[in-house]
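What follows is a single structure, written as structure tokens, with notes after it.
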Amino acid sequence: MNRFVKRVPAFLLVATGVACEAGGQKEVSPDVQAAALEVGGSASRALMGTLVAQLTGAMQHGGPVNAVDFCSTSAIGLTSGVARQQGLDLKRTSMKVRNPANAPDEDETAALRYFESAIAETGELPSPWVQRAGRDEYRYYQPLTIAPPCLSCHGASGEIDPAVQAILDERYPGDLATDYAVGDFRGVIRVSIPAERLEER
Ligand code: HEC
């Protein structure tokens with residue numbers, strides 16, 4: 001079978017949403033979908049606000065070297081802090097992780113693939129996505145793209161400040177999260193929401 005013929009069914013599956021079911025996605029009712037967008041959206045905005053504020057502060061107080069040190073020691077802790085405040089579980093993940101502790105599980109991989117296919121197909125970043133991840137859990141996914149400030153740590157490897165690169169090499173020997181350009185899909189914020197919190201509303 002030639003490559004083109006092989007690719008057509010995949011494209012059609014994605015276009016019709018069947019690929020999501022094949023990836024374990026079950027039906028999400030419109031009410032639950034709306035509630036998950038609200039709860040997940042507000043939690044992911046809280047995390048983005050915290051990370052951007054802290055990262056900007058660290059940059060201003062000591063440039064990218066200080067900021068990369070801050071990110072590597074505090075990003076996971078800040079994420080769990082916001083999760084505790086929200087009473088939800090939050091995570092940042094990507095198909096190209098810097099920290100293996102952020103690697104995607106099976107449902108997160110399905111979500112990342114959904115965003116990648118939708119972007120390949122439409123050229124646009126889709127809206128956040130809601131997934132039924134089990135009997136008792138829904139997941140909200142906020143897609144993240146690369147903006148100019150992200151390049152000092154996720155840009156072309158040859159263009160990252162050598163002092164920043166030295167920290168990355170030391171702390172993340174298997175780093176996959178470089179060579180991005182502005183506008184690239186970088187990954188997601190995943191918010192896990194207990195089903196009862198949405199279904200009771
Ligand atoms: C000052 C350096 C720095 C900047 C600027 C930066 N990051 Fe990161 N980023 C890191 C480090 C270090 C990690 C690994 C953190 C950890 O250990 O969890 C990381 C991890 C991530 C992760 C989690 C997945 C993974 O690869 O481990 C995402 C998603 C991410 N960054 C997105 C972004 C986006 C989007 C921007 C711009 C808005 C950005 N980053 C800007 C240094 C940076």
Side-chain angles (χ1 to χ4, degrees), residues 19-20 23-25 40 43-52 54-56 58-59 64-84 86 88-120 125-126 128-131 133-134 137 139-193:
C20 304
Q25 174 74 341
S44 79
R45 280 192 297 278
L47 176 59
M48 282 192 279
T50 302
L51 287 176
V52 168
Q54 300 278 340
L55 194 62
T56 311
M59 279 277 194
V65 172
N66 184 45
V68 75
D69 178 56
F70 161 81
C71 231
S72 87
T73 52
S74 311
I76 289 186
L78 280 169
T79 305
S80 355
V82 172
R84 268 195 304 279
Q86 303 280 330
L88 297 166
D89 188 58
L90 270 78
K91 173 176 170 185
R92 291 191 308 158
T93 187
S94 171
M95 292 304 269
K96 285 173 48 179
V97 286
R98 170 155 287 163
N99 186 340
N102 297 323
D105 68 16
E106 206 180 309
D107 288 327
E108 289 156 1
T109 302
L112 290 162
R113 294 241 158 86
Y114 157 77
F115 284 112
E116 284 177 350
S117 317
I119 293 163
L125 187 71
W129 195 55
V130 177
Q131 176 190 57
E137 182 192 359
R139 289 179 172 190
Y140 165 98
Y141 294 94
Q142 171 69 53
L144 302 171
T145 51
I146 291 288
C150 317
L151 294 179
S152 46
C153 302
H154 296 292
S157 14
E159 287 166 25
I160 293 177
D161 179 321
V164 170
Q165 190 63 58
I167 296 177
L168 294 176
D169 290 346
E170 184 204 319
R171 297 190 191 168
Y172 305 101
D175 188 5
L176 299 173
T178 54
D179 295 318
Y180 283 100
V182 170
D184 283 351
F185 173 57
R186 166 72 178 98
V188 293
I189 292 176
R190 184 271 289 153
V191 184
S192 175
I193 313 171

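The residues of the chain are indexed from 1 along the displayed sequence.
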Practice problem: Just say parallel, tilted or perpendicular for the rings of W129 and F115, cut-offs at 30° and 60°. | Solution: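 Rings of W129 and F115: perpendicular, as their planes differ by over 60°.
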Practice problem: Show your working on side-chain contact (heavy atoms from CB on, under 4.5 Å) between S94 and N102 and close with a plain yes or no. | Solution: CA-CA 8 Å; S94 171; N102 297 323; over 6 Å; no
Just how far is it from atom [atom1] of [X] to atom [atom2] of [Y], taken to the nearest 0.5 Å?
{"X": "R186", "Y": "L144", "atom1": "CZ", "atom2": "CG", "answer": "8.5 Å"}
{"X": "M95", "Y": "E116", "atom1": "CE", "atom2": "CD", "answer": "5.0 Å"}
{"X": "R139", "Y": "D107", "atom1": "CZ", "atom2": "CG", "answer": "5.0 Å"}
{"X": "T50", "Y": "L55", "atom1": "OG1", "atom2": "CG", "answer": "12.0 Å"}
{"X": "Q54", "Y": "L78", "atom1": "CD", "atom2": "CG", "answer": "5.0 Å"}

Quick one: are [X] and [Y] in side-chain contact, heavy atoms under 4.5 Å?
{"X": "C150", "Y": "Y180", "result": "no"}
{"X": "D69", "Y": "R171", "result": "yes"}
{"X": "C153", "Y": "I160", "result": "no"}
{"X": "T178", "Y": "R98", "result": "yes"}
{"X": "L90", "Y": "S44", "result": "no"}
{"X": "Y141", "Y": "T93", "result": "no"}

Practice problem: Please test S192 against L88 for side-chain contact (heavy atoms from CB on, under 4.5 Å), starting from the C-alpha separation and ending with a verdict. | Solution: CA-CA 6 Å; S192 175; L88 297 166; over 6 Å; no
Donor-acceptor pair, [X] side chain versus [Y] backbone, under 3.5 Å?
{"X": "K91", "Y": "A103", "value": "yes"}
{"X": "T73", "Y": "F70", "value": "yes"}
{"X": "D179", "Y": "S157", "value": "yes"}

If you look at every heavy atom in [X] and [Y], which pair is closest and at what distance?
{"X": "V164", "Y": "P64", "value": "CG2-CB, 3.6 Å"}
{"X": "A163", "Y": "V65", "value": "CB-CG2, 3.5 Å"}
{"X": "P128", "Y": "P143", "value": "CA-CD, 3.9 Å"}
{"X": "A67", "Y": "A58", "value": "CA-CB, 3.9 Å"}
{"X": "S152", "Y": "M59", "value": "OG-CE, 3.5 Å"}

Quiz prompt | Full working for side-chain contact (heavy atoms from CB on, under 4.5 Å) between L47 and Q86 | solution = CA-CA 10 Å; L47 176 59; Q86 303 280 330; over 6 Å; no
Exercise. Report the C-alpha separation of D184 and K96 in whole Å, then their side-chain angles, then the decisive distance to 0.1 Å, and conclude whether the salt bridge (Lys or Arg N to Asp or Glu O under 4.0 Å) test is met.
Key: CA-CA 12 Å; D184 283 351; K96 285 173 48 179; over 6 Å; no
Quiz prompt | Within 6.0 Å of CZ in R113, more than 12 heavy atoms from elsewhere | solution =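 Open: at most 12 neighbouring heavy atoms sit under 6.0 Å from CZ of R113.
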Quiz item: Hey, mind stepping through L112 and F185 against side-chain contact (heavy atoms from CB on, under 4.5 Å) and telling me if it holds?
Solution: CA-CA 9 Å; L112 290 162; F185 173 57; 3.9 Å; yes
Quiz item: Between R92, E108, Q131, which is the residue that forms a side-chain contact (heavy atoms from CB on, under 4.5 Å) with R190?
Solution: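 Among R92, E108, Q131, the one that satisfies the side-chain contact (heavy atoms from CB on, under 4.5 Å) with R190 is E108.
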